[in-house]
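Counting begins at 1 with the first residue of the sequence. Only this structure's heavy atoms are used, side chains among them; waters, hydrogens and symmetry mates stay out.
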Amino acid sequence: MKNPVYWVVLTGISIAFIQQGLPVRSQGESQSDNKQMDNITIRQGETLFLSCSQGDLVTHTAWLNRSSILYAGEDKWCVDPRVSLVTLNQDEFTIKIEDVDVTDEGQYICAVQTRSRPRTTSVHIIVQVPPKIVNLSKDLVVNEGSNVTLMCLANGKPEPAIVWRMLSPSDDSLSSDNEVLEIPFISRYRAGVYECTAANDIAVDTQTVELTVNYPPSVSDGRDVGVTLGQRGVLQCEADAVPEADFEWYRDDRRIFNGFDGIEIEDAGGLSKLTFFNVSEADYGNYTCVAINKLGSVNTSIVLYVQDGNSGTSTVFTPTCLLLIVLLQLLLKF
């Protein structure tokens, strides 16, 4: 899409052509007409047309930007390739400035020298610039309890307003109408995506920062599991932690490894499963799950107990109980 076009029509214009070495009448011979037009506002990157009417008996014309001559008649005096002559005849003198930038802001004068007197009209060009975020905090990884500062700096004209807010998960209570967002003693519940918005009358620029909060593991209470002899049994241990926890399983003080005595350990995210494919009497008892990350560890106990397949009743077998059962069976044989 082409940039919008702005026309500035200036009438009754002139300037003393001292810089051009052109003849200028003395003040006693003629009085110049000087007019000031209203300010013209244009957006950065658009195209500006400056046009003035000449009238009869014009001998010299020029367009000036502050103290620099842009065009004197058909002669281009500036080296800027963005500036070009559009129309020059008895009725109209128009130049074009493409891809307008903030450096083009300021006063422009169209000067017309007639045989009787000079005429000048000036106009002030204001260039608006859409906001652009130029300095934003990088994605952060912090430990729970840390003090966090997020920074967002933006350029633009008019000066953009800065707003911080917690985007995901959404939390309207955590926001700031400032370049800086302070989060003291951050908790795990403040982790997420934060959005910085820079806005002025022209446009809006938005960028995001992801904030990760590390915290030690916590585990759900272990759920005891009843399994009939010879059946499959699964003990589960679930932990909440950032970074994700590693799991270890123990029977009494002995660590259990994957594949040990036909037992399989499977970890997936925050869940660990200890699977018995063919439960024997020796498998019954108390197991401990330990969840560990770099910030700490926590454990929970889970009991694998005997479940009577007929009556649905259950019995917990500890190593001592198993020994007594075996002795009782031996005594009953005599």
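- V213 and Y189 sit in two unconnected hydrophobic clusters of ILVMFWY residues. Membership requires side-chain heavy atoms under 4.5 Å apart, directly or through other members.
- Considering all non-hydrogen atoms of both residues, R251 and G285 come closest at NH2-CA, 4.0 Å.
- Of all heavy-atom pairs between G73 and L88, the closest is C-CD2, 3.4 Å.
- In the displayed structure, D221 atom CG is contacted under 6.0 Å by at most 12 heavy atoms of other residues, nucleotides or ligands.
- Note on D101 versus R82: no salt bridge recorded, every NZ/NE/NH1/NH2 to OD/OE distance being 4.0 Å or above.
- A donor-acceptor pair under 3.5 Å links the side-chain atoms of N258 to the main chain of I265, judged by distance alone.
- The closest donor-acceptor contact from the side chain of N135 to the backbone of L153 lies at 3.5 Å or more, if one exists at all.
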- request: Quick one: do F185 and N147 satisfy side chain to side chain contact (heavy atoms under 4.5 Å, CB included)? Show the steps, please.
  value: CA-CA 5 Å; F185 306 107; N147 295 326; 4.1 Å; yes
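- Y250 and R255 share no donor-acceptor pair across their side chains, judged by distance under 3.5 Å alone.
- Between P217 and I292 there is no side-chain heavy-atom pair separated by less than 4.5 Å.
- Among all heavy-atom pairs drawn from N200 and I202, the shortest one is OD1-N, 2.9 Å.
- Taken to the nearest 0.5 Å, the CG atom of D171 stands 7.5 Å off from the OH atom of Y194.
- At a threshold of 4.5 Å between non-hydrogen side-chain atoms, the residues C152 and I133 count as touching.
- Placement of V290 and L295 in two distinct hydrophobic clusters is found when ILVMFWY residues are connected by side-chain heavy-atom separations under 4.5 Å, directly or transitively.
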task: Show your working on side chain to side chain contact (heavy atoms under 4.5 Å, CB included) between L150 and L140 and close with a plain yes or no.
output: CA-CA 9 Å; L150 298 180; L140 291 177; 3.7 Å; yes
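- In this structure, N39 and H124 approach most closely via the heavy-atom pair OD1-CB, 3.2 Å.
- Side chain to side chain, S122 and Q107 meet the donor-acceptor criterion of an N or O pair below 3.5 Å.
- The distance from atom CD1 of I109 to atom OG of S68, rounded to the nearest 0.5 Å, is 11.0 Å.
- The nearest pair of heavy atoms linking R190 to L211 is O-CD2, 4.2 Å.
- The backbone N or O of V227 lies less than 3.5 Å from a partner atom in the side chain of Y284, making a donor-acceptor pair.
- Using a 4.5 Å heavy-atom cutoff, the side chains of I97 and Y108 are in contact.
- Looking only at side-chain heavy atoms (C-beta outward), L235 and L304 come within less than 4.5 Å of each other.
- Interatomic distance, E210 CD to L167 CG, rounded to the nearest 0.5 Å: 11.0 Å.
- The same ILVMFWY cluster, assembled from side-chain heavy atoms under 4.5 Å apart, contains both L48 and V102.
- Between M151 and the choices L181, V209, V180, the side chain to side chain contact (heavy atoms under 4.5 Å, CB included) rule is met once, by V180.
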What pairs of donor and acceptor atoms, side-chain ones from residues 266-280 against any protein atom, are under 3.5 angstrom apart with sequence neighbours left out?
residue : atom : partner : partner atom : Å
D267    : OD1  : S272    : OG           : 2.5
S272    : OG   : W249    : NE1          : 2.9
S280    : OG   : D283    : OD2          : 3.2

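- Rounding to the nearest 0.5 Å gives a distance of 10.0 Å between CZ of R165 and OG of S168.
- At a threshold of 4.5 Å between non-hydrogen side-chain atoms, the residues K157 and E105 count as touching.
- Scanning both residues, A191 and M166, for their nearest heavy atoms gives O-CE, 3.3 Å.
- Under the 4.5 Å side-chain contact rule for hydrophobic residues, W164 and V204 do not share a cluster.
- Proximity of R188 to D240: side-chain heavy atoms (C-beta onward) are separated by under 4.5 Å at one or more points.
- To the nearest 0.5 angstrom, K76 atom NZ is 7.0 Å from S84 atom OG.
- No hydrogens or angles considered: nothing links the side chains of N293 and Y215 as a donor-acceptor pair under 3.5 Å.
- Of the residues listed (I125, V127, L50), the one engaging I40 in a side chain to side chain contact (heavy atoms under 4.5 Å, CB included) is I125, and it is the only one.
- Both I183 and V142 belong to a single network of hydrophobic side chains, linked directly or stepwise wherever heavy atoms of I, L, V, M, F, W or Y lie under 4.5 Å apart.
- Around the CD atom of E159, the shell of radius 6.0 Å holds no more than 12 heavy atoms that belong to other residues, nucleotides or ligands.
- Taking CG from D205 and SG from C196, the interatomic distance works out to 8.0 Å, rounded to the nearest 0.5 Å.
- Between T87 and F93, the closest side-chain pair of non-hydrogen atoms is not below 4.5 Å.
- Between C237 and T300, the closest side-chain pair of non-hydrogen atoms falls below 4.5 Å.
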